[in-house]
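Letters A, B, ... mirror the listed sequences (proteins, then strands); counts begin at 1. Just so it is clear, the values below take in all heavy atoms, side chains as well, and ignore hydrogens, waters and symmetry mates.
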Number of protein chains: 2
Amino acid sequence: MTEPLDATFAALADPTRRAILVMLLEDDMAVTDVADPFEMSLAAISKHLGILMRAGLISQEKRGRVKWCKLEPDALRDASIWMQSFGQFEAVNLEAFEAFLEAELGGAGD
Amino acid sequence: MTEPLDATFAALADPTRRAILVMLLEDDMAVTDVADPFEMSLAAISKHLGILMRAGLISQEKRGRVKWCKLEPDALRDASIWMQSFGQFEAVNLEAFEAFLEAELGGAGD
DNA sequence: CGAATGGTCAACCGAAAGGTTGAATATGCC
DNA sequence: GGCATATTCAACCTTTCGGTTGACCATTCG
């Protein structure tokens, strides 16, 4: 796992981990509560959370004996940027794509 | 690999495969030419291409004895849509995009 | 035809992923 | 202090991944 994108995409490749991210979209959660809907051991969920953390997709903060998990969308944004270069623009050459982006950013700004 | 998203993200998790996608962004390529910049066997690249195909990220068409590889951005679009659900990522950022592409291209033949 | 080129297949290998279980470590509560 | 709760660690197992090699088809060319 040399590059950050490797870790991000690898983390997203597992359906359990994606489900966890969706859950965290609504609210921060304790590890035990994250594990609750899944039919696997708490230790397994703990591992998944570790992977999500190392990928930068979530952060964890311990308050008392409870460890709270929080979504961190920054890493997702990086991966999203990479993907949008393929998903939105069909087989364009680099120059045309850059020109398009410059226009896009210069105009809308949003 | 139950869901299509699993296959898509798993395919994207490997730097060699992402480098291949970047290469195909510019033009369709024969398998041998795809393999050329990499320091691994043709068979290994063939496997990577198979994974990309099963994930729907590329298509392959044989003409004569040459098999041409073509980028298929639809699968990436699906994954991108999934990621958009995580919030209002700012639209594509040019500098970030260039940095990523640069990094990916730079490491391609490594 | 036979030889070179393009690509895959099959068997194998080491390492990593994803899960289990049971013990260990903190922390909070009575 | 002692017990319950929250979470991780360690060891283990099985399957998958990413790579190799050598043999094997398919196609073109001389």
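- Of the possible donor and acceptor atoms, none in the side chain of B:Ser46 sits under 3.5 Å from a partner among the backbone N and O of B:Leu42.
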Can you check side-chain contact (heavy atoms from CB on, under 4.5 Å) on A:Leu57 and A:Leu71, steps first, answer last?
CA-CA 6 Å; A:Leu57 291 168; A:Leu71 196 62; 5.8 Å; no

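- The phosphate of C:dT8 (OP1 or OP2) has a side-chain N or O of B:Ser46 nearer than 4.0 angstrom.
- Annotation: the span from B:Ile20 atom CD1 to B:Phe38 atom CZ amounts to 5.0 Å, rounded to 0.5 Å.
- Rounded to a whole Å, the CE atom of B:Met40 is 15 Å from the C1' atom of D:dT21.
- Among D:dT7, C:dT20, C:dT8, the nucleotide with an atom closest to any side-chain atom of A:Ala44 is C:dT20.
- Atom-to-atom, CD of B:Glu39 to P of D:dT21 comes out at 13 Å; the value is rounded to the nearest Å.
- Protein atom NZ of A:Lys47 is 13 Å distant from nucleotide atom P of D:dC12, rounded to whole Å.
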List the protein contact pattern of nucleotides 22-30 of chain C with one symbol per nucleotide (5' to 3'): B for base contact, S for sugar-phosphate-only contact, - for none; contact means a heavy-atom distance under 4.0 Å.
----SBS--

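- Base contact: A:Leu42 has a heavy atom under 4.0 Å from a base atom.
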Apply side-chain contact (heavy atoms from CB on, under 4.5 Å) to residues B:Arg18 and A:Asp6 and explain how you reach the verdict.
CA-CA 9 Å; B:Arg18 287 201 309 278; A:Asp6 293 33; 2.6 Å; yes

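- Using a distance-only test at 3.5 Å, with no hydrogens or angles considered, no donor-acceptor pair links the side chain of B:Arg17 to the main chain of B:His48.
- Summarising the geometry, the separation between CG on A:Asp36 and P on D:dA6 is reported as 11 Å, rounded to the nearest angstrom.
- Note: B:Ile58 CD1 to B:Leu52 CG = 5.0 Å, rounded to the nearest 0.5 Å.
- As a whole-Å value, the separation of A:Leu49 CG from D:dC9 P is 12 Å.
- Note on B:Ser41: a side-chain N or O is less than 4.0 Å away from OP1 or OP2 of D:dT20.
- In this structure, A:Glu26 has no salt bridge (Lys or Arg N to Asp or Glu O under 4.0 Å) partners at least two apart in sequence or on a different chain.
- To the nearest angstrom, C1' of D:dT7 lies 16 Å from NE2 of A:His48.
- The CE atom of B:Met53 sits 15 Å away from the C1' atom of C:dC9 (whole-angstrom rounding).
- Per the geometry, CG belonging to B:Asp6 stands 13 Å off P belonging to D:dT16, to the nearest Å.
- OP1 or OP2 of D:dT8 lies within a sub-4.0 Å distance of a side-chain N or O belonging to A:Lys67.
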